[in-house]
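Below: the structure, in structure tokens.
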Amino acid sequence: MILMKIIIKILLILMLVNSTYLFANDEFINNFKIKRGFEVLHNSKKWHIQGQIERKKDIYFSFNVYMILPDLLRMDTEGKISSEKAVYDGKNGWVKSAQYMPMPMNNEVITDILRFRNIVCSPVFEDSTAKFSYKFKNKEKVGNINCKVYTATDSKGITSDLYISEKDTQLIRYSVIEPFQGFEVLADYYFYDYKKVNGVEIPFKTEVYFAEEKLIIVLENAIQQEELREFDFRKP
């Protein structure tokens, strides 16, 4: 009888410790969302970002990306030998102005354009349809930064790993399976040079590694642009 009481007491203590631990994890994620500026993003949906993409060594493109969150994106790119204007409306797909013909919407194209939305919003930005749950995984170092690692699961069941700095709750690394040339590959995102723009923390440099490829995105400006209209996202 005494042994049973001891066992019950131990179980109750373990349950209490576990619930406190889970609450602490929830608080950490909430702090991450607050510091990143999720609430501001819900209220300020119109953005313009400018910068440069390095797709391979010595292959550079400058870009202008306009967005009305969560889905409307327009991207104008300019390279040494080509330029492009494109629109993604979140529903019907992608249009390139060179042919004025819609391209079939596929997951790789969608992933390519949403990278730019995720630079501003973070990959776990929630809207009316996208919801995430979080599970603490472990602690790891990314370079010399101590991080808490969480697995985020979206409403479609897709999982990704977030490496969040213990010191300042900045997202340092993001790992997710993405489509690439007909395959599903692991993509690793590394975020650098955070700057605060009207209450939103934005990484001004992002490096993406996947399938022996490397993509570098460097921002020059990130501006809230309230005068954007849905009309501005018509097919080019």
Side-chain angles (χ1 to χ4, degrees), residues 17-45 47 49 51 65 67 69-70 111-178 184-210 213-219 222 224:
V17 169
N18 190 50
S19 64
T20 304
Y21 181 66
L22 290 174
F23 177 78
N25 285 340
D26 290 342
E27 186 178 18
F28 185 79
I29 290 295
N30 286 337
N31 288 338
F32 157 69
K33 291 180 180 180
I34 291 167
K35 191 165 184 292
R36 185 66 192 264
F38 276 27
E39 192 60 38
V40 177
L41 285 166
H42 282 294
N43 296 321
S44 302
K45 299 177 181 294
W47 288 80
I49 60 174
V65 172
M67 61 184 83
L69 302 177
T111 298
D112 194 42
I113 185 63
L114 290 183
R115 283 195 183 107
F116 293 93
R117 187 193 73 168
N118 291 343
I119 287 173
V120 172
C121 295
S122 100
V124 289
F125 177 69
E126 295 184 327
D127 54 42
S128 57
T129 57
K131 304 296 180 185
F132 292 86
S133 60
Y134 300 88
K135 183 178 179 182
F136 178 76
K137 189 175 180 181
N138 56 21
K139 292 186 179 184
E140 287 188 31
K141 272 196 171 186
V142 178
N144 61 352
I145 300 174
N146 293 318
C147 294
K148 288 186 176 182
V149 186
Y150 288 83
T151 296
T153 304
D154 69 11
S155 48
K156 296 179 182 177
I158 297 172
T159 62
S160 56
D161 284 342
L162 310 175
Y163 296 72
I164 304 172
S165 168
E166 287 189 80
K167 181 180 178 181
D168 55 18
T169 66
Q170 287 182 345
L171 181 61
I172 304 301
R173 176 184 171 189
Y174 170 69
S175 297
V176 66
I177 301 296
E178 290 184 346
E184 297 291 318
V185 302
L186 178 65
D188 272 318
Y189 291 70
Y190 292 84
F191 303 103
Y192 305 93
D193 192 19
Y194 275 91
K195 297 177 183 177
K196 205 151 200 173
V197 180
N198 294 342
V200 179
E201 277 195 342
I202 297 174
F204 271 59
K205 181 179 178 181
T206 302
E207 295 180 356
V208 190
Y209 297 85
F210 54 97
E213 297 280 336
K214 181 180 179 181
L215 181 72
I216 301 174
I217 303 170
V218 178
L219 302 191
Q224 290 181 5

State, with a plain yes or no, whether a side-chain heavy atom of Y150 is found less than 4.5 Å away from one of F32.
no
For the residue pair K196 and K35, what are the closest heavy atoms and their distance?
NZ-O, 4.1 Å
How close do A222 and V197 get, counting heavy atoms only, and between which atoms?
O-CG1, 3.2 Å
Heavy atoms, side chains only, cut-off 4.5 Å: are F136 and I29 in contact?
no
Does Y194 reach the main-chain N or O of R36 with its side chain, forming a donor-acceptor pair under 3.5 Å?
no
Rounded to the nearest 0.5 Å, how far apart are CD1 of I177 and OG1 of T111?
11.5 Å
Full working for side-chain contact (heavy atoms from CB on, under 4.5 Å) between F125 and N118:
CA-CA 8 Å; F125 177 69; N118 291 343; over 6 Å; no
Taking K214 for the side chain and F210 for the main chain, is one N or O donor matched with an acceptor at less than 3.5 Å?
no
side-chain contact (heavy atoms from CB on, under 4.5 Å) between V200 and L41, worked out:
CA-CA 7 Å; V200 179; L41 285 166; 4.1 Å; yes
To the nearest 0.5 Å, tell me how far K137 NZ sits from C147 SG.
13.0 Å
Using atom types as modelled and distance alone, determine if a side-chain donor or acceptor of R117 lies under 3.5 Å from a backbone N or O of P70.
yes
What residue among T151, D161, T159, D188 forms side chain to side chain donor-acceptor pair (under 3.5 Å) with S175?
D188
Could you state the interatomic distance from CD1 (I217) to CZ (F204), rounded to the nearest 0.5 Å?
13.0 Å
Under a 4.5 Å cut-off applied to non-hydrogen side-chain atoms, are Q224 and V40 in contact?
yes
I need the minimum non-hydrogen distance between A152 and V124, along with the two atoms involved.
CB-CG1, 4.1 Å
List the steps and the verdict of side-chain contact (heavy atoms from CB on, under 4.5 Å) for L215 and R115.
CA-CA 11 Å; L215 181 72; R115 283 195 183 107; 4.0 Å; yes
Does K33 count as lying over the ring of F38, i.e. NZ or CZ under 6.0 Å from the six-ring centre, within 45 degrees of the axis?
no
Spacing of CD belonging to E39 relative to OG belonging to S44, to within rounding of 0.5 Å:
10.0 Å
Please assess M67 against I49 for the test side-chain contact (heavy atoms from CB on, under 4.5 Å), listing each intermediate value before the final yes or no.
CA-CA 9 Å; M67 61 184 83; I49 60 174; 4.2 Å; yes
Paired with Y174, the side-chain contact (heavy atoms from CB on, under 4.5 Å) test is passed by just one of L162, I164, V208, T206, namely L162
Y163 versus I145: any side-chain heavy-atom pair under 4.5 Å?
no
Check whether D154 reaches the backbone of G157 with its side chain - one donor and one acceptor, N or O, closer than 3.5 Å.
yes
Single hit among E178, R173, E207 for side chain to side chain donor-acceptor pair (under 3.5 Å) with Y189:
E178
